Amino acid sequence: MAWTRNVLRVNLTKGTLQHEPLNMQWAMEYLGQRGLATKYLFEEIDPKCDPLGPDNKLIMTTGPLTGTMAATGGRYSVVTKGPLTGAIACSNSGGFIGAEMKNAGWDMIIFEGKAPKPVYLYVENEHAELLPADDIWGKSVWETDEILHKKHQDPLLRIACVGRSAETGCLYAGIINDLHRAAGRSGVGTVMASKNLKAVAMRGTKGVGNIKDPLGFIRATQAGKKILAENAVTGQGLPKFGTQVLMNVINEIGAMPTRNMREVQFEGSSKISGEAMHEPRKSDGKPNLTTNAACFACTIACGRISTIDKGHFSVQNKPQYWGNSGGLEYEAAWALGSDAGIDDLDALTYANFLCNEDGFDPISFGSTLAAAMELFEAGIITTKETGGMELKFGSAQALIWAAEVVAKGEGFGRELGLGSKRLCEKYGRPELSMTVKGQEFPAYDPRGIQGMGLTYATSNRGACHLRSYTVSSEVLGIPVKTDPLVTEGKPELVKAFQDGTAVVDSTGLCVFTTFAWTLDDIAPQVNAACEGEWTTGKLLEVGERIWNMERDFNLAAGLTSKDDCLPPRMVKEAAKTGPAQGLVNGLDKMLPHYYEIRGWTKEGVPTQETRKRLGL
Ligand code: SF4
């Protein structure tokens, strides 16, 4: 059990809603959430379809542990074909809406077609209906949330929606739930808006009681919580500093991408770090960080809630930004900060507020801005294109301006909203785009952390740290310490992290648990909750099956081994400072062996034996 076994199918073109049983054979093979929804998507759409056309589908999906008492069991994912990459897209979010969906009795909601007019889906347990969205279309995430709460007179309604950036075609728009949690990457919000679907409002009161072995589940989840509490990262570092605990660490080891990844260390990192968020500001004596925060059932509580100094230039005369809201996580602080050379913590926080308010991915946005800044420095983009704004590295004014025009989809904001690949191609310098498969890099320079180069190149949704976080091993020594500057052993490491993460993303749990847990800690929780036998070995097989299925989806969509590459800067321009000084990423040394241990051909295609072994 643990699955509700219910799927809600919403045909937006026809305006019909249909209940159908979950395919339990697939659940046994793909578990839930990322794995199971990708199986549904692959079976139901042509991978070559236009991601923003009516033939693409959008699946909101929970895992079997979502909504349970398992620590961090509040995750949900959105699976679709991504508009930024043309590849499979799966974005995962915390907050509370995933648990609410499970409590309403649904494992999965499949949206198909395109509504003739803007609509939103209202769900209250088994009752679901499509309602007109005329009054919320064109509104921000925060306005939409407020309007729907008032309209339904239900403060406990959980809302996931898109902002104006998605409506105006930003290709990296996400879906924001609970005001500042995001299914943020790969443009899943852009797909939602392309279907004229503005929001999903969810209320569930049924509870999640369908656990196979309730006593065993209590024991297994309690044991897991104890491990999380006693671990230095999940018990101390993340609650106190959030993921921002990494800012100074990554800078010190020379893997902090800076100024469009030209450099690997940022002189201003300490000013935008987790530690800096705790320090009282000189201007008003208050710290940036108000408190930490937890998603549903989370005992780690890595979330950041922050305020901006009311006198800061970004929010002067804008009282709507003077209160507490979602603060900077490491990825956002890096992308909005060091990648653009900016060390103004309040400016970064304001830009991050805008990313939440209008629903766009701070990683892709910051990285695209950094590319635009390099183009500006080279004189290729000028104030003529930007309407007068000087896009200089280090300019907090430029960051604020750029975030505002992307949020609203105005002027040059439309170009920035297409991502760095399309921007750099348009201006004749494609090599300046720090992307893989069209998606922007996250916050780890692969010259200083070699395994991350292979991670990015082979990631099924484009450059991403959440598909194989070898930083754990290469920097933090979890579960074993490996040398970040060598390529030996990295193909095996990347494969193990990719398969393991595919499992975690399919359970309903948060990947941050893996700073403390291995699959040996997760398997007893899944096994006590779900029908069938779930050992570590079986979970690993499920992870490998998911990874290969995603690969097959991408191959069917037209991607090839040529897309398993890095920008020339990463493999030709050596790091200038830090421990990796003189090094480029050794992708060419890692990729052939990676294909071999995956059981793929030299062209990166799963062999018939591999497909047979995994039941694909
Ligand atoms: S660890 Fe952080 S992101 Fe993960 S569930 Fe907990 S609060 Fe949410």
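Every number for a ligand or one of its atoms is a count from 1 in the order of the listing. Note that the coordinates shown come from a computational prediction; the quantities given were computed from them, not determined experimentally. Numbers here simply count residues along the sequence, with the first being 1.
- Counting heavy atoms from C-beta outward, Tyr122 and Leu157 have side chains that approach closer than 4.5 Å.
- Taking the six-membered ring where the residue is Trp, Phe241 and His278 present perpendicular rings, their angle passing 60° and hence far from 30°.
- Distance check, rounded to the nearest 0.5 Å: CE of Met277 to OG of Ser306 gives 3.5 Å.
- Checked for salt-bridge contact, Lys139 and Glu146 miss the test: no charged N lies under 4.0 Å from a carboxylate O.
- Heavy-atom contacts of Arg75 reach the following atoms of ligand 1: 3 (S), 4 (Fe), 5 (S), 8 (Fe) (cutoff under 4.0 Å).
- Tyr469 has its ring centre less than 6.0 Å from the ring centre of Tyr444.
- Side-chain contact check for Arg461 and Thr85: no donor-acceptor pair (N or O, by modelled atom type) lies under 3.5 Å.
- For the ring-ring contact (aromatic ring centres under 6.0 Å, His included) condition, no pair includes a residue of residues 493-513, sequence neighbours left out.
- When each atom of ligand 1 is checked for a heavy atom of Arg181 under 4.0 Å away, the hits are 3 (S), 8 (Fe).
- Protein N, O or S atom count below 2.8 Å of atom 2 (Fe) of ligand 1: the structure gives 1.
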